[in-house]
Amino acid sequence: KRQVLNYEQGDVVLRNYTKTIYRNLSDGEMITRLGGDNFVMLVKKESLREYIDMLSFMNIRYDDGKVSKDFIFSATIGYSSTVGIRYPREVMARASIAYSAARRVGAGHVMEYSENIKQELMKIQGVLSNFMAGLMAGEFEVYYQPKVRIETKEIFGAEALVRWHRKGRLSTPVEFVPLLTNDGSIIKLDYYVLEEVCKWLRKRIDMGFEPLRISVNFSRKHLEEKNMIGNIVALIDKYELDHQLIEIELTESEDYQNFELITEIVNGLRANGIVTSMDDFGTGFSSLNMIKNVDLQVIKIDKSFIPLEKDYEGKDKDLIMFYYIIKMVKKLGKETIAEGVETEQQLDYLREVGCDAVQGFVFDKPLPAADFEKRLACGYN
Ligand code: C2E
Ligand code: MG
Ligand code: MG
């Protein structure tokens, strides 16, 4: 970030900010600074709206005769009623819970405390604070969902999907992956999954089985990681595996800067013989650009694009789009696989339009390693 003002000048701006608010206070109301740019206010209920409006757009001027500059501040606000509360610390705790919730939504948001928000925050903190211990204790398990060729019903690979044995139940990624992504811990989890997959492949090879390619989901957070390619290669080499046995699934990128980073990563992985795929194709922002410019080997078509067998409005559009997506991706020399295929009828349709690989409940849900091994032994016939 570019520094606009020095510390002393910044203090003046903070003071001007506080003074501006202070001038509006009525009897019994107050404002105090917690530190940094965090403030606490105690205001009358009937003027709450007015303060929120004021704080969401405050123009503060810095002017010392030499430098003159205007700043617009839009406060992120959490608030709570004091009704029925006996201790000041209790109302502070509530306001601060509401503030955390507002911040999670994004800068400039306003949130009122509620029991729901508190529960939500406790759930989040529970996930984040138990993550490392859970990882060390082996609470995370890798499940494998087969990838199948429609024509032959041959299993040619699988996707590794993580599960968390937590508090006596099996927790699925929706419950923790987004939270770990926000917090950055997802990077550790992804490497854990990759290592488990490498161990499993090593074991299979040592037992004399023909190994198959396993894909691992790598969060977008890895874009911020230094030496991602080196780390992945080192793990695969630690288990002395052929690099082609590992596929890294990446999702589409929203902005151009990430887009360039993804290109770099994909090229780096490919230079090392590691397969890359685009996950959830069709749900993101720059799908076609990604396909055009990034040298991904596999395109995984998201389940929202797979036409359902029953009639519904817009089905004809879905059919057209799916048909030409398959055609286009194949013409570009990439592999396609359809995700989330659930029924035999869908399978028939996919076969007709020339899609040759699927992953979905129609064959199997994600399976624990032992069940996946059984499936590999008996197949689908
Ligand atoms: P994804 O990578 O797109 O994985 C496919 C998801 O679709 C899986 O959900 C899978 O169980 C589900 N699925 C497969 N076939 C069907 C079907 O026929 N019907 C329906 N309705 N669903 C099907 P899951 O395992 O709950 O994972 C959800 C998402 O969590 C994944 O979506 C992936 O984005 C993320 N995830 C899972 N494991 C990891 C991981 O180790 N690291 C990271 N970063 N993300 C992960
Ligand atoms: Mg995936
Ligand atoms: Mg997907």
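First listed ligand is number 1; within each ligand, the first listed atom is number 1. Residue numbers count from 1 along this sequence.
Residue Glu159 approaches the Mg ion (ligand 2) most closely through its N/O/S atom OE2.
Around the NZ atom of Lys203, the shell of radius 6.0 Å holds more than 12 heavy atoms that belong to other residues, nucleotides or ligands. More than 12 heavy atoms of other shown residues, nucleotides or ligands fall within 6.0 angstrom of atom CE in Met54. The 12-atom threshold is exceeded at NZ of Lys315, counting heavy atoms of other residues, nucleotides or ligands nearer than 6.0 Å.
Residue Ser215 does not count as close to the Mg ion (ligand 2), with no N, O or S atom under 2.8 Å.
Under the salt bridge (charged side-chain N to carboxylate O under 4.0 Å, His left out) criterion, the residue pairs touching residues 100-123 are Glu120-Lys123, with sequence neighbours excluded. Applying the ring-ring contact (aromatic ring centres under 6.0 Å, His included) definition to pairs two or more places apart or across chains, those involving residues 20-71 are Tyr17-Phe39.
Protein N/O/S atoms found under 2.8 Å from the Mg ion (ligand 3), listed by chain and residue number: Asp279 OD1, Asp280 OD1, Glu339 OE1, Glu339 OE2.
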Q: Could you check Tyr191 against Phe218 for ring-ring contact (aromatic ring centres under 6.0 Å, His included), going step by step and ending with a plain yes or no?
A: CA-CA 9 Å; Tyr191 279 113; Phe218 259 53; 5.3 Å; yes
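Between Tyr192 and Leu135, some side-chain heavy-atom pair lies under the 4.5 Å cut-off. Using a 4.5 Å heavy-atom cutoff, the side chains of Leu245 and Leu212 are not in contact.
No cation-pi contact links Arg375 to Phe372, judged by a cut-off of 6.0 Å to the six-membered ring centre and 45° from its axis.
Ring pair Trp164/Phe131 is perpendicular by interplanar angle, where above 60° counts as perpendicular and below 30° as parallel.
Pocket lining of ligand 1, defined as residues with a non-hydrogen atom under 4.0 Å away: Gln145, Glu159, Leu161, Val162, Arg163, Pro173, Val177, Ile186, Asp190, Val193, Asn217, Ser219, Glu249, Asp279, Asp280, Lys303, Glu339, Gly340, Val341, Glu342, Gly360, Phe361, Pro366.
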